Amino acid sequence: MKVRFFTAPLIAVALGVAPSLASAQQQTNQLERVRSFQTAPGVTTDSRQFFPQIKDAPRATADRPENPPPPPNAFQSETLSNIIPGGIGNYQRSIPKSRFPGIGATGWEPPDPNLAVGPNHVVSVVNSDVAWFNKTTGVKLFQQGMDGSGGWFGTVGATDFVFDPKCWFDKVSGRYFVLALELVQTAGSEASKLLIAVSDDSDPTGNWFMYRIEAKLTVGSDTFWMDYPSLATNKDGVAVCGNMFGLTGNSGWAGVQFIAMKKAAMLTGGATTVTSLRDPGAGSAQVARMTDPNLNHIYAIALGSNAARVYAIQNFQTTPTITFQSATIPGYVGPSRNATSTAGRSMDSIDTRPFNCAYQGGKIVAVHNTDVSGSNNKLTPRWYQLNTNNWPIAGLPTLAMTGIIPGAGVDHWMPAIGINSLGDVSVIFSRASTNIIADVMIASRKANDTPGTMGNPVKLDGSVADYGGPGGHRWGDYFDVAIDPNDNLKFWGIGMVSSSSGNWQTVIHSWTVSTPANTAGSFDALVATMFDGTLTSGVTTDVHAVDSNLFLVNSRYQARLGSIAAIELTYDVGAGGQNIDFIGLNYRQTTTLGTTGMWWLWNWTTNKYDHISSWQQATNMAATATVSTRKNLPKYVGPDGTVKVVVRTTTRPSISSPYTLKADQLQLIVNVVSGP
């Protein structure tokens, strides 16, 4: 039986509403500090003390409390933005890479999945477990519940109600951070806490420093508890913010509480300074995930009806402060219904709160749920990219572009967004309809694509059974996107599907974004190996450039075929097959005996090599030549952008004389079809 712990009422008005944009910009726009205090030292907890290491037996099924909808944000612009939201371009940008299952159903609904990607591991959290995985193989190495005395946060006194988890890998310090909220509503013992764990290095296995930090807010005679948190770090500090709802007293809403912590002490488990600030006129703010090792502040964002409030949390080393400014955005229509699924099911669409926020190179991206338009109530993610323009040092933040990701006859909702070091942007989200249970989807754009547009959505995963019983269901409060710290380019994301049991299953994916439109690209082989004959000498880099390093294969005689030598090469072109209208091979090679050269492409549909073309092989190291094809190219590009090539030389069947194939350069050339 499902148990709902509480249902918070919709609160119609906010307390202490902030002034409108017009008057606010005439003020200092600085939040008032609520309190500052020292924590106790962190409690060192060794993850290896848990036995067994993977404890994933489900609890009795129960609903996590629904995130109460905050009052509509009161701040707005006096004028609408003149930027028109974009849509979907007729091209593909998203190239799926790895995939593995995350945490399965724990007994709580919904999972609220989040992930943190480090050099070698992926850490994930749900309601209310934490786990980590080998990043390369996807093998789960650890999983524990977070609540109760025997759980992940048990050493700091966590009670039985731990919820809304978040996690993050801080590339600057090389540490994982795990956050969850704790709530006690028992009369006389009311409590609202932040539970934070910090790893002692970039390997999650081993010691973590655990903190239990006060989050309860007192305003007059009323107290408030924290809900719907977000988590971010910079070189100096850790920032958390969340909605504040009535815990005791007569008031039901206190705005957003921002909590700023000095990071250095937390990296060694020391006591740290915590400062709380409050914005009574905003709801559902999100702090921006960032990896910049030099930035002195952390950005955050909240959304009004036609304005985005942009915050800057500063001075972590001394006395933290928060200032804010507003940027106009186009008006939008909030979700007017839940997402439609199969067999009479529906999934909650939450509201217009931003689901997450990220920063990279002077750009902030954020995303939330909306309807397509006032006349089209299909759900669609609305995303934004704002330029900081060096604010808060100088200038003001402005909207650069915005767009939606609509689907024909389907609902798209539950989005999370990320931005990589090149400025490429990607969104992960759910898709459902009367014929689609619930898919995990992605849509992406290159930094130089048409402003406001995303490439065609790509399916990552699909559900295999109707979700739960007929009627409405909790589907989640958020998904997540992270950028791989090894290259700052690859995207990782976590979402959820319905498993064969009709329960939820989280899934972890990685993907890249394809090459720009209207470009030709040349690619060196990722792997070069002997395919036929006998390898004399050679490594992959020998076929990258014109130099004195050669890849050498001695021929092997085969009856009725002749003497054969061949090299197999693997390339990653980073683009889907439907985007490529030309594949060519630059080759520079020779044999000591006149032979016929030929090249073959692996057919991903038939799982065998197709002969593409032949040429008369030179007996001296001639200048680089090119062979190419435009024939039915999608079948020659794998779903992850892999192209496999065999370069083969052979004599006539009657000639058995041995020879040596010498390769100096074997470079793949592709041309990408233009976008819109």
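These numbers were taken from a predicted model, which means no experiment stands behind them.
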State yes or no: are the ring centers of Y176 and W132 separated by less than 6.0 Å?
no

Which word best sums up how the rings of W152 and W208 line up, parallel for under 30°, tilted for 30 to 60°, or perpendicular for over 60°?
perpendicular

Which heavy atom in N486 sits nearest to a heavy atom in P119, and how many Å separate them?
ND2-O, 3.1 Å

Going by side chain to side chain contact (heavy atoms under 4.5 Å, CB included), K262 matches just one of V238, T275, T273. Which one?
T273

H121 vs L141, side-chain contact (heavy atoms from CB on, under 4.5 Å): CA-CA, chis, key distance, verdict:
CA-CA 9 Å; H121 300 84; L141 305 173; 3.8 Å; yes

Once you measure the plane-to-plane angle for F50 and F142, does it fall in the parallel (<30°), tilted (30-60°) or perpendicular (>60°) bin?
perpendicular

For P165 and M146, which heavy atoms make the closest approach, and how far apart are they?
CB-CE, 3.5 Å

Just by distance, do the side chain of Q505 and the backbone of G102 share a donor-acceptor pair under 3.5 Å?
yes

Candidate pair Y384 and H368, rule ring pair (Phe, Tyr, Trp, His ring centres under 6.0 Å), full reasoning
CA-CA 9 Å; Y384 306 88; H368 65 143; 5.4 Å; yes

Do S47 side-chain atoms and G206 backbone N/O form a donor-acceptor pair below 3.5 Å?
yes

Correct closest heavy-atom pair for N377 and S336 would be CB-OG, 3.4 Å

Are Y467 and M347 packed together at the side-chain level, in the sense that at least one heavy-atom pair is separated by less than 4.5 angstrom?
yes

L247 and K216, any side-chain heavy atoms less than 4.5 Å apart
yes

Do side-chain atoms of W492 reach the backbone of A116 as a donor and acceptor pair under 3.5 angstrom?
no

Do you see a donor-acceptor pair shorter than 3.5 Å between the side chains of T223 and T218?
no

If you take the centroid of each ring, where Trp contributes its six-membered ring, are F161 and F163 closer together than 6.0 Å?
yes

Test item: side-chain donor near acceptor, W511 and S426, under 3.5 Å
yes

With R212, which of V156, V43, T39, T155 fulfils side chain to side chain contact (heavy atoms under 4.5 Å, CB included)?
V156

Can you list the steps and then say if W504 with W475 is a ring pair (Phe, Tyr, Trp, His ring centres under 6.0 Å)?
CA-CA 9 Å; W504 58 261; W475 186 244; 9.6 Å; no

Could you check whether any side-chain heavy atom of T380 comes within less than 4.5 Å of a side-chain heavy atom of I404, counting everything from C-beta outward?
yes

Would you call K378-D371 a salt bridge at under 4.0 Å N-O?
no

For a side-chain contact (heavy atoms from CB on, under 4.5 Å) check, start with the C-alpha distance between F37 and E214, then their side-chain angles and the critical distance, and finish with the verdict.
CA-CA 10 Å; F37 60 92; E214 185 62 63; 4.1 Å; yes

Report yes or no: does S189 contribute a side-chain atom to a donor-acceptor pair with the main-chain N or O of T186 at less than 3.5 Å?
no

Could you go through the ring pair (Phe, Tyr, Trp, His ring centres under 6.0 Å) check for F479 and F355 one step at a time?
CA-CA 8 Å; F479 288 174; F355 284 87; 8.6 Å; no

Using side-chain heavy atoms (C-beta onward) and a distance below 4.5 Å, is R99 in contact with D461?
yes

In chain order, what residues pass the side-chain hydrogen bond (donor to acceptor under 3.5 Å, both in side chains) check against S230, with sequence neighbours excluded?
none

Can you tell me how far apart OG1 (T159) and CZ (F153) are? Round to the nearest 0.5 Å.
12.0 Å

Minimum heavy-atom distance W413-F429, with the two atoms named:
O-CB, 3.4 Å

Using a 3.5 Å distance criterion without hydrogens, assess whether the side chain of N243 forms a donor-acceptor pair with backbone atoms of S284.
yes

So I196 and I213, do their side chains get closer than 4.5 Å, heavy atoms only?
yes

Dump the intermediate steps for side-chain hydrogen bond (donor to acceptor under 3.5 Å, both in side chains) on E182 and S192, then the final yes or no.
CA-CA 6 Å; E182 178 190 357; S192 176; over 6 Å; no

Min side-chain heavy-atom separation T342-I436 under 4.5 Å
no

Output the distance between atom OG (S341) and atom CG (D466), rounded to the nearest 0.5 Å.
6.5 Å

For the pair K166 and D112, find out whether any cationic side-chain nitrogen is under 4.0 Å from an anionic carboxylate oxygen.
no

Show the numbers, then the answer: is there a side-chain hydrogen bond (donor to acceptor under 3.5 Å, both in side chains) between S276 and Q257?
CA-CA 7 Å; S276 293; Q257 180 183 188; 2.9 Å; yes

Take D477 and D164 through the side-chain contact (heavy atoms from CB on, under 4.5 Å) test and state the conclusion after the steps.
CA-CA 8 Å; D477 299 324; D164 278 5; 4.0 Å; yes

Measure the acute angle between the ring planes of W225 and F245, then classify it against the limits of 30° and 60° as parallel, tilted or perpendicular.
tilted

Any donor-acceptor pair under 3.5 Å linking the side chain of Q53 with the backbone of Q144?
no

Can you list the steps and then say if D484 with K135 is a salt bridge (Lys or Arg N to Asp or Glu O under 4.0 Å)?
CA-CA 10 Å; D484 197 301; K135 181 174 155 184; 2.9 Å; yes

In plain terms, say whether R175 and D170 are close enough for a salt bridge, that is, a side-chain N and a carboxylate O under 4.0 Å apart.
no

Kindly say whether A232 contributes a backbone atom to a donor-acceptor pair with the side chain of R289 at under 3.5 angstrom?
no

So, does S433 use its side chain to make a donor-acceptor pair with the main chain of V410 at under 3.5 Å?
no

Report the residues that fulfil ring-ring contact (aromatic ring centres under 6.0 Å, His included) with Y299, sequence neighbours left out, ordered by chain and then residue number.
H297, Y359

Can you confirm whether N503 sits close enough to E109 that some side-chain heavy atom of one is under 4.5 Å from a side-chain heavy atom of the other?
yes

Check: P381 main-chain N/O paired with H412 side-chain donor or acceptor under 3.5 Å
no

Given S498 and S463, is the side-chain hydrogen bond (donor to acceptor under 3.5 Å, both in side chains) satisfied, shown in steps?
CA-CA 5 Å; S498 177; S463 298; 4.9 Å; no

Tightest non-hydrogen contact, residues G281 and R309, listed as O-NH1, 4.2 Å

Measuring centre to centre across the rings, with the benzene-like ring taken for any Trp, is F177 within less than 6.0 Å of F169?
no

Flag, side chain of R345 to backbone of A343, donor-acceptor distance under 3.5 Å:
yes

Taking all non-hydrogen atoms of both residues into account, name the closest pair between P335 and N369 and its distance.
CD-O, 3.6 Å

Salt bridge check: are D129 and K55 linked by an N-O gap of less than 4.0 Å?
no

Step by step, would you call R431 with D411 a salt bridge (Lys or Arg N to Asp or Glu O under 4.0 Å)?
CA-CA 6 Å; R431 175 180 70 173; D411 287 318; over 6 Å; no

Side chain proximity check, I494 to V507, heavy atoms < 4.5 angstrom:
no

